[in-house]
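Proteins come first, then strands; the chains are lettered A, B, ... in the order of their sequence lines, and each starts at number 1. Being a predicted model, the structure only gives us computed values, none of them experimental.
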Protein chains: 2
Amino acid sequence: MATRPARQGDRVTIVDVAAAAGVSRQTVSNALNKPHLLAAETLEKVHAAINDLGFAPNVAAQQLRRRRASAYGFEVNPSGAGRMGHILDGFLVEMTAAAPDHAAHLVTFAPELDRLIEGYDRLLGTGLVDGFVLGDTRHGDPRPDWLLEQGVPFVTFGRIWDRPDLDGWVDVDGRAGVRLGVEHLLSQGYERVAWLGWPDGSPVGDDRRAGWLDGLTASGHDADASMAVESVQDLSQATAAAERLLRGLKGRGAIVCASDLLALGAIRAIRNHDLRLGTDIGVVGFDDTDVAEALSLTSLRQPLRPAAEAAWRILASGHQSRPHGIPGAAATDDEGDGHAERTALLPPTLTIRASSTPEPSGTPTGRTTRRSSTS
Amino acid sequence: MATRPARQGDRVTIVDVAAAAGVSRQTVSNALNKPHLLAAETLEKVHAAINDLGFAPNVAAQQLRRRRASAYGFEVNPSGAGRMGHILDGFLVEMTAAAPDHAAHLVTFAPELDRLIEGYDRLLGTGLVDGFVLGDTRHGDPRPDWLLEQGVPFVTFGRIWDRPDLDGWVDVDGRAGVRLGVEHLLSQGYERVAWLGWPDGSPVGDDRRAGWLDGLTASGHDADASMAVESVQDLSQATAAAERLLRGLKGRGAIVCASDLLALGAIRAIRNHDLRLGTDIGVVGFDDTDVAEALSLTSLRQPLRPAAEAAWRILASGHQSRPHGIPGAAATDDEGDGHAERTALLPPTLTIRASSTPEPSGTPTGRTTRRSSTS
DNA sequence: GGACACGATTTGAACGTTCAAATCCGGTGG
DNA sequence: CCACCGGATTTGAACGTTCAAATCGTGTCC
């Protein structure tokens, strides 16, 4: 209730509380950590004393004695380096906000990129953190193997595509998301839905493209190859690619894109052809960035908060990531009873804006959201 | 050199090192913290042992004994809340990267917004951090006063406009930045330069607007009121405002904007009037966001890395922020000799792209940067 | 009525480091 | 020859908490 008395003299310790409550050190400790051991009456006394004195346990002392930091390292990189870009910033923020009530925290760190493992090792060696959150998982990433070998707990945001046998990841179901986008466009009356994606070979890109196919086939549409086109993550190239698409999209067509930047290219191409965004050609982007908001672009938004919550659950679930997929028994991964899930695949939501609304009426400034269901 | 032996059994402690080097506990400690006390030979022996064993001091033990965490709290808020938006994410990243070599770190936290101070108090009370980085300083912010009262060290990113007497801040000189933008446009041959800013009353906005005036008057141009127009941070309103401007800007004109979003509005207006961006009308934005990059928009970039470095210096400079501005002596704030600066006002740099290039020639895809000098 | 179990609480020790003070030792001056 | 100095190093204690084991009652069973 009362904020701690302003830094007057020495800190309040567990011993002060014990004296005030007329009990021993350890009883106070137990009141905090194992309340079931105390008589109800005693517990109350102790809590009163804690409030009176404004006691808060010293984290460093706890870490030292418990031999664990209850903290996790979160690698960040000065801009440009990671293609994940700002999504990761958002994930960091959400993980911070979702941290289990004051029981754990995040420490940011920025290892030198040519001595990545050394940076992780350092943080671990000092006991500053117990484990890590890996913000992305690039191809050929040395970190998962190393961490596994060391027996260090970690979660990754993004599947570990290299190692399908590993659990301990959280990811967004891009495939289901894109499918949602396709279905939305079809339901809006656009007759053909094309795909503007990245070049083959990126797991994330390929996954999203599959969602496009899913959406078409599930609705009884067929997709000929001319309706899919690819571009690297660059505005002018994306614009050129989209223009190729537009030639094939007579009438009321639409384009689903692997990113908001690609979608921006599509929008430019539409303008160049003197077509009207939404009214003539629908567009859906991915990530719901500032660009999407600014341009009234319908876009798929990654559910970062739920992802963050799942990540904490995974970190808590076991301090040991283990390979799974035992050949013997059919893996019923979702047991129940404390047997926590060690993977989470979350469906994006669709933020609907004017770029996917054929009629200028409807919800003009309003913003709607739909959640896809993971297949 | 060698990474620590893989978590085999117990941790390596200072005592192990001492034994290996044939010296005492404290000597090892001194080797790390007060090397000048040791004989050269001994120092070498100890370092050898440290490397051999892969010793890294336990942070929790240090924190406990030293009675300081060497860590600082960095408040983050789930998106939407802060208008500073993603700049703050960038600042967090840069501060992490600029952390004085492993001597301090950042802990993120997300207090409940209606119990803000409580969140700060909690973090402090547990000894988890020694102080804070305040990512923004809103009007009527309760935090600076409270922290001051508690004697807690902190830096703010952004001047404390409410309390000009306080030091301990780092900020970007928006005024100098905008002036740079104006001068750049004039030097490119645009004849008139208009201002698209935010409504009066925001300190940041007013400051940037002043930079526009600076730029014009310094170049012998005069600014009539019709050349400045304002809009809230919203695309359609910004577009409308920019269109008003365009009517007055006959010939080769240009628009400097208080943000990239406003600049986007300007770009739209330019398109609507069938003018060519850059060639007919120049535009400069502010913050050099993804939008700017995607649209080839010349924009002012906040020097986050230098700002982060300055912030660390301020945190280190004294563990007590103090009011300054003693009436007696003229304040020569920049003494020298260890008397560290407790404020830093840093000039943005201009990232030049096609939107401020009248000739389609010049540097086509190339990107140039110019630094403004703080007045 | 004594052995025993069990709930509630306390005591001793330890986590790994640094502070403060003590010790050791060769050298110097009276 | 002894007192004293100062550089180099060591020893004792403490930082604030939790683990592990001990203690203290009270009640139960045979």
key: Gap between atoms CG and P, on Leu64(B) and dA14(C) respectively (whole Å)   = 17 Å
inquiry  = Looking only at side-chain N and O atoms, does Tyr120(A) offer a donor or acceptor that is under 3.5 Å from a partner on Glu75(A)?
reply    = yes
task = Check the distance between dG16(C)'s P and Gln62(A)'s CD and give it to me in whole angstrom.
result = 17 Å
task = Quickly work out the Asp16(B) CG to dG16(C) P distance and round it to whole Å.
result = 9 Å
inquiry  = From CD of Glu44(A) over to C1' of dA8(C), roughly how many Å is that when rounded to an integer?
reply    = 17 Å
ask   = Whole-Å distance between dT17(D) P and Asn30(A) CG?
value = 14 Å
ask   = Is any side-chain N of the basic residue among Asp136(A) and Arg138(A) closer than 4.0 Å to the acidic one's carboxylate O?
value = yes
ask   = Of all the nucleotides listed (dT9(C), dT17(D), dT9(D)), which has the minimum atom distance to the side chain of Thr42(B)?
value = dT9(D)
inquiry  = From CG of Asn58(A) over to C1' of dT18(D), roughly how many Å is that when rounded to an integer?
reply    = 13 Å
ask   = So what does Ser24(B) hit on the nucleic acid, given a heavy-atom distance under 4.0 Å: a base, only sugar-phosphate, or nothing?
value = base
Donor-acceptor side-chain pairing of Asn33(B) and Arg66(B) below 3.5 angstrom = yes
ask   = Under 4.0 Å between a side-chain N or O of Thr27(B) and OP1 or OP2 of dT10(D)?
value = yes
key: Residue whose closest nucleotide on DNA chain C lies nearer the 5' end, Arg66(B) versus Arg66(A)   = Arg66(A)
message = So if I take every side-chain heavy atom of Arg25(A) and compare against dC15(C), dT10(D), dT18(D), which nucleotide ends up nearest?
response = dT18(D)
Donor/acceptor link under 3.5 angstrom from Arg65(A) side chain onto base of dT17(D) = no
task = Let me know the distance between CZ of Arg67(B) and P of dA14(D), rounded to the nearest Å.
result = 13 Å
ask   = Hey, which of these two, Ala61(A) or Gln26(B), hits DNA chain D nearer its 5' end, going by closest nucleotide?
value = Gln26(B)
ask   = When the distance from NE2 of His36(A) to P of dT9(C) is rounded to whole Å, what number comes out?
value = 13 Å
key: Aromatic ring pairing Phe132(A)/Phe109(A), orientation class (parallel under 30°, perpendicular over 60°, tilted between)   = tilted
task = Report yes if at least one side-chain N or O of Ser29(A) is closer than 4.0 Å to OP1 or OP2 of dT17(D); otherwise report no.
result = no
task = Report the relative orientation of the aromatic rings in Phe91(A) and Phe74(A); use parallel for angles under 30°, tilted for 30 to 60°, perpendicular for over 60°.
result = tilted
key: Base dC15(D) to side chain Gln63(B), donor-acceptor N/O within 3.5 Å cut-off   = no
